[in-house]
Amino acid sequence: MTFCMNISEHIPKFKELIEKSQNIVVLAHYNPDGDAIGSCAAWHDYLLNLGKNSQIVFPNDFPQNLKWIKGSETATIATKELKKAQALIAYADLIICNDFQSFSRVGVLQEISLKSRAKKILVDHHVDPEVEQFDLIFSNVESSSTSELVFEIITLLNPEEPVSKTIAEAIYVGIMTDTGSFSYSSGHKRTFEIVAELIGLGVDTCQIFQDVYSTFSENRMRMLGHCLTNRLKVLPEFSTAYMYLTKEDLREFREIPGDTEGIVNYALAIKGIKFAVFFTEREKRIRISFRSKGEVDCNEFAKTFFNGGGHHNASGGDSFETMQETIQKFEKLLPELKQKSNL
Ligand code: 5GP
Ligand code: MN
């Protein structure tokens, strides 16, 4: 395993691995988001142009508003075609792993991925990568998104040729969605320089914003209204706000994949709130999203108490208790968090 913060150092090794491989799987985490899909779509186009047999594999399906991303329509989705997804991974020469730091994040594909004889390359920006699971690691927590890293790597792999418009659009979606449309502190000078390059390559930023964020169904907007009106609790003494949606809520508003994305940010948008949490009742688990402003360490909190992780200001986790028990547990943890994080 080679851990790499300085990207250029390990480009020759990456190049060699790609050259030696014919069957290449491009993999992302469970519940693939804009960054995960953007990264995979960019690799896919890059590898196809090199004449490789590239296959995108996702553990489960992804939101409708991201289906327009070129190449995503070819993805093998394990929850729909498990045998095919497993075979692709088992017989791959190389697996490029995007936007996750451990195979525990690929759901039903975890075991087969760990067992596969393929070389595994990680490209990611989450904290604490499981270094022993990969052969080569490109990990930078400073990076706004995995897509930003993918762009840097692709331009170093092939400096002579400008990236295709397909790649540029995919990378842009990843950066835009993972930076909260350029509103988070994770967007650095370099991020904007890359965006300028992407615009130069023909990316229509206005169109992409509309495609991603202005395509919700009426049901979804009403579900958001219900959530804000009836399912929001504000705890000013802890600078915290949380929301939840039960299975019945989701059924009532005919939820489809992607409908709960971004809802947590509304709680964080309340003045004075530094910690926002969103609980969603799923099959056999409560899915939790954590977001913060400033000091509160979402990654640490999710990892310590809710079987999850992620980034300092954005993380996710799961609880295997009921909604009521989960919320009770969460509320009990706040006094300690307040002391620790200056809430
Ligand atoms: P979301 O709340 O949007 O599902 O996740 C927020 C961020 O945390 C994303 O970057 C996501 O990749 C990461 N994340 C979500 N769930 C988990 C988890 O269970 N483990 C880890 N390590 N990261 C997670
Ligand atoms: Mn990401």
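Whatever order the structure lists them in is the order used to number ligands and atoms, beginning at 1. One-based numbering along the sequence shown.
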Is the distance between the Mn ion (ligand 2) and the nearest N/O/S atom of [X] smaller than 2.8 Å?
| X | result |
| --- | --- |
| His126 | no |
| Asp178 | yes |
| Asp35 | yes |

Where is the nearest protein heavy atom to [atom]: which residue, which atom, and how far?
| atom | value |
| --- | --- |
| atom 6 (C) of ligand 1 | Arg291 NH1, 3.5 Å |
| atom 11 (C) of ligand 1 | Arg105 NH2, 3.6 Å |
| atom 2 (O) of ligand 1 | Ser289 OG, 2.6 Å |
| atom 19 (O) of ligand 1 | Gly308 CA, 3.5 Å |

Tell me whether the centres of the aromatic rings in Phe151 and Tyr172 are closer together than 6.0 Å.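 Between Phe151 and Tyr172, the centre distance exceeds or equals 6.0 Å.
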Less than 4.0 Å is my threshold; does some heavy atom of Arg287 fall inside it relative to ligand 1? yes
Parallel, tilted or perpendicular: which fits the ring planes of [X] and [Y], with parallel below 30° and perpendicular above 60°?
| X | Y | answer |
| --- | --- | --- |
| Tyr242 | Tyr244 | tilted |
| Phe100 | Phe134 | tilted |
| Phe209 | Tyr213 | tilted |
| Phe275 | Phe290 | parallel |
| His10 | Phe138 | perpendicular |

If we ignore angles and hydrogens, is there a donor and acceptor under 3.5 Å between the side chains of Glu81 and Thr76? no
Do Ser147 and Ser145 have side-chain N/O donor and acceptor atoms under 3.5 Å apart? no
I want to confirm something. Looking only at heavy atoms, which of [options] is nearest to [atom]?
| atom | options | answer |
| --- | --- | --- |
| atom 12 (O) of ligand 1 | His126, Gln101, Lys303 | His126 |
| atom 5 (O) of ligand 1 | Ser315, Ala314, Ser145 | Ser315 |
| atom 13 (C) of ligand 1 | Ala302, Cys298, Gly310 | Gly310 |

With distance as the sole test, does Asn98 use its side chain to make a donor-acceptor pair with the main-chain N or O of Ala36 at under 3.5 Å?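 The answer is no, because no donor-acceptor pair under 3.5 Å joins these two groups.
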Return a yes/no value for Gly309: is any of its N or O atoms, backbone included, closer than 3.5 angstrom to an N or O of ligand 1? yes
Please determine if Asp318 has a nitrogen or oxygen closer than 3.5 Å to a nitrogen or oxygen of ligand 1.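 Between Asp318 and ligand 1, no N or O pair is found under 3.5 Å apart.
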Please could you name the atoms of ligand 1 that His311 approaches to less than 4.0 Å, counting only its heavy atoms? 10 (O)
If you apply the rule side-chain contact (heavy atoms from CB on, under 4.5 Å), what do you find for Thr146 with His125, and how did you get there? CA-CA 6 Å; Thr146 298; His125 68 139; 3.2 Å; yes
In Asp99, what N, O or S atom is nearest to the Mn ion (ligand 2), if we give its atom name? OD1
